[in-house]
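One structure is given here, and the rest of the page talks about it.
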Amino acid sequence: MSVTRMSALFGRTLREAPADADSANHQLLLRSGLIVQLAAGVYSFLPPAWRTLLKIEQIIREEMEAAGSQEMRMPAIQPRELWEESGRADSYGPVLFNLKDRRDRTMVLAPTHEESVTDLFRKVVQSYRDMPQSVFQMQTKFRDEPRPRGGLVRVREFIMKDAYTFDVDDDAFQLNYLAMRQAYYNVFERCGVPVVAVQADSGAIGGKQSEEFIFLTEIGEDNIILCPSCAYAANQERAEFARGEAAGTDGALEEVETPGITTIEGLAEFLDIPAETTAKAAFFLVDGEPTFAVIRGDLEVNELKLMNALDASEIRSLLPEEVEKAGWVAGYASPISVDPVRVVADPSVVDAGGLVAGANREGFHLHNVTYGRDWTARTIADIGMAQPGDSCAQCGGDLEMHRGIELGHIFKLGTRYAEPMDATFLDSDGERRTPIMGCYGIGVERLMAAVVQANHDEQGIIWPRSVAPFDVHIVPLGGSGDVASAVSEVESALSGKGLNVLTDDREERAGVKFNDADLLGAPLRITIGARGLKQGQIELKLRWDAEATSVPLGDAVASAEDALASLDR
RNA sequence: CGGAGCGUGGCGCAGCUUGGUAGCGCACUUGACUGGGGGUCAAGAGGUCGCCGGUUCAAAUCCGGCCGCUCCGACCA
């Protein structure tokens, strides 16, 4: 394919990583001279990095096409009205980069393209005969993230592969969805990154169900709940878990003095009872409404679940003065005598029998507080936060929690966009119907970061063959004419075989060249030195291997191809 | 947005407490020696000390404001 000379390569390696870099992949990407930061969450990609990104894109492209999707391109600049039409101008609000054109019209830089693809659909598709449809693009997205972090993991400008499907009904949709799902597994496999698909919250994209493709790594920013006994896997945002046996008591309400006891922990100790036999109250402002959430004392409220249970879009903790204004006594709050309209109860307190709860009066609690008899809630919903050690809702196994990076996310959108934007088609029975949509995203640079994170050692990157910027890194040693001609011969032969070659033609010492070769991480290193050449030998070393092997100069190309082929297994 | 920290040459850092010629390592340039895992010696180039204002005879250093970047949290496909 090509030969690149290190002396001419745009970019330089660094011995020390910039202090800003925390994770291994971020440090290595910076040290190897692949990326350079311009602003918070905004990076340049130098030639080798760009080559890897193109390779990743090509893998994605091939898998998307295999799944029956067609590549296309939509604009990054969009009129804000489009977002008002779908109702996301506000909900997506702060993340949108806004700008004005010369006529003072407000435009946005697109953070995602559900709106524009839905608009396209309604302009292009009229009939069920035109369905199903599946399209995708690789395109730069802009998101003014509240906090960019982790190098390429969370940035404000990035390439996303986003795909969209349109189907006549749920059954048809399922086919598209499963094809995409398989394509995602294929993409990550081919890029050398292990992933697990987990149930997820669909967040600002909306829709009914979604799955994230997670690369498990301690540097990840998502908490993933996994069951080692069965296949259950979910983002902690929505993970379910078993509540265990009801532990409550029977009996009449009975007040008990609990001076200064305002925490569940303190209460359990003071009364010498397990936290499982208490009820905890937590106060939130949900879409502007003060909300009283009740859950078993040993559990925590999952705010996202609570928000979803109320079909709301905003939630935060209630401020102390707001708690007081609502007439609730922090530390001693009781669901008794609270307007049930305000109350959301977790199943853990509904089925539990009598629990110890606040008396709604400073310094007192109540025994035997029983749902149904003493209080009720308008909404009963799973609002509990799954924690490691909880029991799996499917099989009872002990749940584990791991950190992970979300590399891809696939959504069942239903009619979330088509309906408000009035996108319809005429079905075979002459009825006008709304298409069932799906959308499917992959963060391309984030995937590159994951590739490095999953494939490196102390010395540097170890690129999987499939996405390596260079297949072969040639290290000439010694300045003799023999070395130069052997290098020239080998590099052009390899290049003629379709390989990308990087030759370190700099006047550096061997140690420098070897260290840079390890850092840059080409799968195969070929050392051509004056010493070996006297015996007609050159050396081959796979980046994964500790030792090099000598082969005759004449066998260089064949041996190199064999060595590289061995990586593909 | 709340909390913490940092901004001094390309990278990593010291100097700031106690104001007085801006330093060290790496990298870079030239030369010599060296030559298979970041070598040695010599001579160099390179800095509005983030920005603006104030105090002072004098500010990298003290004071005020602002900007930028990182981390934790909130938030977020």
Side-chain angles (χ1 to χ4, degrees), chain A residues 11-23 26-27 30-31 33 36-42 88 91-96 110-114 141-151 153-156 158 160-163 200-207 210-214 219 221-222 235 237 303-304 307 313-317 319 405-411 413 439-444 446 458-460 475-480 483 504 506-519 525 527-533 537-539 541 546-548 550:
Chain A
R12 64 187 305 153
T13 58
L14 300 175
R15 189 176 293 198
E16 292 176 282
D20 286 346
D22 217 14
S23 59
H26 191 197
Q27 291 187 355
L30 290 168
R31 279 190 55 210
V36 175
Q37 183 174 17
L38 177 62
V42 181
R88 282 209 296 183
S91 69
Y92 232 100
V95 174
L96 283 175
T112 175
H113 282 73
E114 285 77 21
K141 309 294 192 216
F142 300 89
R143 295 186 183 177
D144 196 357
E145 293 286 349
R147 180 146 103 80
R149 93 183 87 183
V153 170
R154 181 161 295 276
V155 292
R156 298 193 294 172
F158 62 101
M160 174 155 69
K161 183 290 298 178
D162 46 326
D201 184 81
S202 51
I205 296 292
S210 76
E211 285 179 285
E212 291 171 334
F213 286 78
I214 299 285
I219 65 159
E221 54 180 0
D222 285 306
N235 195 303
E237 292 171 347
E303 295 184 22
L304 196 59
M307 197 168 82
S313 58
E314 271 184 66
I315 188 169
R316 65 165 171 81
S317 292
L319 301 171
I405 295 177
E406 173 193 357
L407 298 179
H409 201 155
I410 60 180
F411 301 82
L413 296 176
C439 74
Y440 317 84
I442 293 178
V444 178
R446 186 185 278 189
E458 286 289 297
Q459 307 306 314
V475 178
L477 294 178
S480 75
V483 171
D504 192 347
R506 301 172 303 170
E507 294 206 14
E508 289 288 355
R509 315 202 107 228
V512 174
K513 292 188 179 186
F514 287 145
N515 278 299
D516 275 348
D518 289 344
L519 179 58
R525 187 183 84 192
T527 305
I528 301 179
R531 182 194 294 174
L533 227 41
Q537 303 276 303
I538 63 165
E539 287 169 22
K541 179 182 162 306
E547 299 299 326
S550 292

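All chains are named by letter (A, B, ...) in the order of the sequence lines, taking the proteins before the strands, and each is independently numbered beginning at 1.
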Using a heavy-atom cut-off of 4.0 Å across all strands, would you classify [X] as base, sugar-phosphate, or nothing?
{"X": "A:D162", "value": "nothing"}
{"X": "A:V95", "value": "nothing"}
{"X": "A:A17", "value": "sugar-phosphate"}
{"X": "A:R12", "value": "sugar-phosphate"}
{"X": "A:A200", "value": "nothing"}
{"X": "A:G478", "value": "nothing"}

- Can you tell me if the side-chain N/O atoms of A:Q37 get under 4.0 Å from OP1 or OP2 in B:U70? yes

- Task: Give a yes/no answer on whether the side chain of A:R149 brings an N or O atom under 4.0 Å of OP1 or OP2 in B:U70.
- Result: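 Answer no for this pair, as no side-chain N or O of A:R149 is under 4.0 Å from OP1 or OP2.
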
- Task: Give none if B:C11 has no partner; otherwise give the nucleotide forming a Watson-Crick or G-U wobble pair with it, both distances under 3.5 Å.
- Result: B:G25

- Query: Across all strands shown, which nucleotide pairs with B:G73 by Watson-Crick or G-U wobble geometry, both distances under 3.5 Å?
  - Reply: B:C1

- Item | Heavy-atom neighbours of A:E314 CD exceed 12 at 6.0 Å |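 Not more than 12 within 6.0 Å, no.
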
Rounded interatomic separation in angstrom, taking [atom1] from [X] and [atom2] from [N]:
{"X": "A:R509", "N": "B:G38", "atom1": "CZ", "atom2": "C1'", "result": "10 Å"}
{"X": "A:L519", "N": "B:C11", "atom1": "CG", "atom2": "P", "result": "17 Å"}
{"X": "A:E16", "N": "B:C26", "atom1": "CD", "atom2": "P", "result": "10 Å"}
{"X": "A:I315", "N": "B:C76", "atom1": "CD1", "atom2": "P", "result": "11 Å"}

- Message: Any side-chain to backbone donor/acceptor pair from A:Q27 onto A:A21? Under 3.5 Å, distance only.
- Response: yes

- Check whether any side-chain N or O of A:K141 sits under 3.5 Å from a backbone N or O of A:A110 as a donor-acceptor pair, and report yes or no.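 No, A:K141 side chain to A:A110 backbone: no donor-acceptor pair under 3.5 Å.
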
- Residue closer to the 5' end of RNA chain B, A:A530 versus A:R446 (nearest nucleotide): A:A530

